[in-house]
Amino acid sequence: MVNGVPVNDMEWGGVYWSNWAGLSDVTRSMQVQRGLGASKVAAPSLGGSINIVTKSTDAKKGGSVSYGIGNDGYSKIGFAVSTGLTEKKWAITLLGSKTMGNGYIQGTEFESYSYFVNISKYINDFHQISFTAFAAPQWHNQRNNSDRLTIEEWQKQPLKYKYNASYGFDMNGQRKVSSYNVYNKPQISLNHFWTIDDNSSLSTALYMSIGNGGGYSGQAYDSNDRTKWYGSSSGIPNEAFRSADGTYDYGAIYELNAASEVGSKLVMSNSINKHLWYGALSTYNTRIGQNIDFYGGLDLRYYKGIHTNEIVDLYGGDFFIDKTSRPSLSTTDWQTKKLGVGDIVYRDYDGYVMSEGVFGQAEYNKDGLSAFAALSVSNTTYWRYDRFYYDKANARSENISFLGYSAKGGANYNINDNHNVFANIGIISRAPFFSGGAFLQSTTSNITNPNAVNEKAFSAELGYGFRSQYLTANVNVYRTNWLDKTLVRAINANSPESLVANMEGVNALHQGVELDFTAKPTRDLEITGMVSLGDWFWQNNASGYLYNRQGQPVDASGAIVEMLSANHAKVDVNLEGIRVGNSAQTTAALGANYQILKGFRLGLDANYFGRNYSNFNISSVGTSLAPATFAQPWMIPDAVTCDFFASYNFKLGDYNATLNGNIDNLFDSVYIVDATDGADHTWKTATVFYGFGRTWSVSLKLKF
């Protein structure tokens, strides 16, 4: 959340942090709640919540300019300025910055801008209004997620772990990319704060978000050729389009298209993703008697996601015949329909989400006891409008609605000034996501999922805290059951026969113990640390319908069939007891920072990651669709990294200045950060990405 306004994507729940770059420069505070928190929205999170609160009428008069450099051509320049609260009770804060670089990974150049404006008016002791607008338009080249290599293949590359199998040039030496992203997501909000009396207040936010951008998606005349857009296949760099220097040979695509008698065999399209999001969030706070604080509110959201796919480059050909997706259309002229730049392939639909909810919480405080109870109810409705696979009469799907709720409670008791104990318990039932939940295949079909049910989670935790002048520490144990989760997994990933399984009813158990502490043995020395021991695994077997790369339902042979028909293939996946992957289940950290001179502070943080399992991989289900049975996925080797930082506050003429320096992965440790399990569940067949080696940055900020 930013200023209490939710920012998680309405269709699939994710957050791209690149959309919020620059907020750190205008952040007043960052509220982080782990586990069952008291977030003021109708559909809260179970794992945790982050709320970034930006500067408003509290901003001090002045500003700053900054400049930073770092490894691989990184540079950032920025400014921030604020009027402070003027005599007429106005406050204006502005921020702007530009960041650019070549990227640590080969061929991952990027450029981004960010801006922020807040105009606030302190009307009187009862009313304040605040207008905020911010965005971070950016573009970047990236490494394909499919370009993981086996450990053996990584060792063969001259650039080792910086290698990008998709990085390359055409026959004229022009840089070409197959994985490019550009996006801009400005968010605008108008907040009103009303102090009703000494005990009550009302906070209301009206907001809107306007997303616009997309990313490259290679298309092929023959679906079996689509993997040629990938730099690697099954953990090995594709040799068919490989230059002598090891880079990807985009010129070979031009040659392939030039020799074709059916137009371009391979073309590049842009997967466009736009959205319009409007919302209102209003919260009433009041005190009841001497010991009870209550808040309740209304959370309303309307979202329209616009998803299309346009050809942007024919790679030397005169036209493109869409043999993959257009045979599914009602038209029969796909074999002669010659498409060009700007024409639509694969998809052209709008996804709609409406949500209405109410929430409330009461908190009791007396002496050393603090207890709370919270409830929320929300209704989420989905529908889609498809201009590609349906005629106008059938373009709109039916509505599908889900009623969700949450109930949470907890208590903390301060035994004395040094010791406290706490406990929390809660259950959440939330609507399945639009993508892969409410619709079995949201990109190509209006058919709603007849088996869609709410995802549910039950969580409980028990903890102890200690506070003293020299030491602060917390320890807690937790147990969370995640029920009826939807999973989407590739089968035969990176191969021409690759399919997707959309699995329903998957359950997982997350349990463990956590410890964190901060020690201050002297005024100038601070020591921090944490240990987390988790036990996370999938609890049950699952089943899922199969789709091809284009999201079309298929039978066991991969032939396109009618969705949910008798021929629509379904695979059973034996998951019970399989470890949750790509998240270290044992983590630890130890850090220290010391002020060696006034204003000059040094620090070192060590981080440990262990028991990190690779993601399970449905390597093959065969034509018989026999259950896919797994052994325990390969466990990634343990890793330790150390990060160094230094900061110096000093006077530069009449200005206050701060010089910051960071060296991440100080000792250049080599470690695997991401892995997908292989056929024999060992390191030999797993495909992996390595973490960054040593990186550095230095920045100088002048304040006025």
Side-chain angles (χ1 to χ4, degrees), residues 17 20-30 32 52-55 58-82 84 93-102 104 112-114 116 136 469-472 516-530 589-607 640-669 692-704:
W17 282 104
W20 313 105
L23 274 180
S24 59
D25 295 315
V26 291
T27 296
R28 183 180 73 191
S29 64
M30 181 179 291
V32 180
I52 299 171
V53 181
T54 60
K55 296 176 181 178
D58 60 315
K60 295 181 180 179
K61 183 178 180 179
S64 65
V65 293
S66 62
Y67 181 69
I69 59 173
N71 56 279
D72 299 291
Y74 172 89
S75 67
K76 179 179 179 179
I77 186 169
F79 77 93
V81 63
S82 178
T93 299
L94 302 174
L95 172 144
S97 69
K98 177 184 179 180
T99 308
M100 59 187 300
N102 298 323
Y104 178 83
S112 68
Y113 298 83
S114 66
F116 172 93
Q469 181 180 355
Y470 302 104
L471 177 66
T472 299
D516 66 85
F517 71 88
T518 301
K520 293 185 177 180
T522 69
R523 183 182 64 179
D524 295 324
L525 175 63
E526 180 180 80
I527 301 173
T528 59
M530 61 77 64
L590 183 64
N593 66 83
Y594 184 69
Q595 182 174 258
I596 59 176
L597 298 171
K598 184 178 180 180
F600 185 30
R601 186 172 290 273
L602 301 176
L604 186 68
D605 293 316
N607 303 283
V640 176
T641 63
C642 293
D643 302 326
F644 170 81
F645 65 90
S647 66
Y648 182 40
N649 296 313
F650 60 99
K651 295 289 289 187
L652 189 63
D654 295 331
Y655 302 104
N656 293 318
T658 301
L659 182 65
N660 288 309
N662 295 276
I663 304 176
D664 293 333
N665 196 0
L666 177 65
F667 302 111
D668 204 21
S669 297
F692 285 9
R694 184 187 298 114
T695 60
W696 61 272
S697 64
V698 177
S699 65
L700 176 65
K701 177 181 284 189
L702 298 179
K703 303 176 184 178
F704 54 86

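Numbering starts at 1 and runs along the sequence shown.
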Inset, instruction - Quick one: list whatever passes salt bridge (charged side-chain N to carboxylate O under 4.0 Å, His left out) with Asp72, sequence neighbours left out. - result: Lys162
Inset, instruction - Begin with the C-alpha distance, continue with both residues' side-chain angles, and end with the deciding distance and a verdict on side chain to side chain contact (heavy atoms under 4.5 Å, CB included) for Asp605 and Phe645. - result: CA-CA 9 Å; Asp605 293 316; Phe645 65 90; 3.8 Å; yes
Legend entry - salt bridge (charged side-chain N to carboxylate O under 4.0 Å, His left out) involving Asp516 - partner list, sequence neighbours excluded: Arg34
Report all side-chain donor-acceptor pairs from residues 693-704 shorter than 3.5 Å, counting only partners two or more places apart or in another chain.
unit_1	atom_1	unit_2	atom_2	d
Arg694	NE	Leu666	O	2.8
Arg694	NH2	Leu666	O	3.2

Legend entry - From Phe644 atom CZ to Asn665 atom CG, the distance as rounded to the nearest 0.5 Å: 14.5 Å
Legend entry - From Ile663 atom CD1 to Asp643 atom CG, the distance as rounded to the nearest 0.5 Å: 10.0 Å
Legend entry - Residues forming a side chain to side chain contact (heavy atoms under 4.5 Å, CB included) with Thr518, sequence neighbours excluded: Glu526, Thr528
Inset, instruction - Would you please name every residue forming a ring-ring contact (aromatic ring centres under 6.0 Å, His included) with Phe692, sequence neighbours left out? - result: Tyr104
Legend entry - Those residues that, when tested against Lys61, pass side chain to side chain contact (heavy atoms under 4.5 Å, CB included) (two or more places apart): none
Legend entry - Residues that Asp668 engages under side-chain hydrogen bond (donor to acceptor under 3.5 Å, both in side chains), provided they are two or more places apart: none
Inset, instruction - Could you grab the distance from atom CG of Leu602 to atom CD of Gln595, nearest 0.5 Å is fine? - result: 10.0 Å
Legend entry - Residue list, side-chain hydrogen bond (donor to acceptor under 3.5 Å, both in side chains) with Tyr74, at least two apart or on another chain: none
Legend entry - Heavy-atom closest contact (Ser669 atom, Val640 atom, distance): OG-O, 3.1 Å
Legend entry - Qualifying side chain to side chain donor-acceptor pair (under 3.5 Å) pairs with a residue from residues 654-663, counting only residues at least two apart or across chains: Asn649-Thr658, Lys651-Asn656
Inset, instruction - Not counting sequence neighbours, which residues clear side-chain hydrogen bond (donor to acceptor under 3.5 Å, both in side chains) with Lys598? List them please. - result: none
Legend entry - Partners meeting ring-ring contact (aromatic ring centres under 6.0 Å, His included) with Phe600 (sequence neighbours left out): Tyr648
Legend entry - Tyr67 OH to Lys76 NZ distance, which is reported to the nearest 0.5 Å: 13.0 Å
Inset, instruction - Can you sort out the partners of Ser82 under side-chain hydrogen bond (donor to acceptor under 3.5 Å, both in side chains), two or more places apart, ordered by chain and number? - result: Thr93
Legend entry - Atom pair SG/CG of Cys642 and Leu590 - distance to nearest 0.5 Å: 9.5 Å
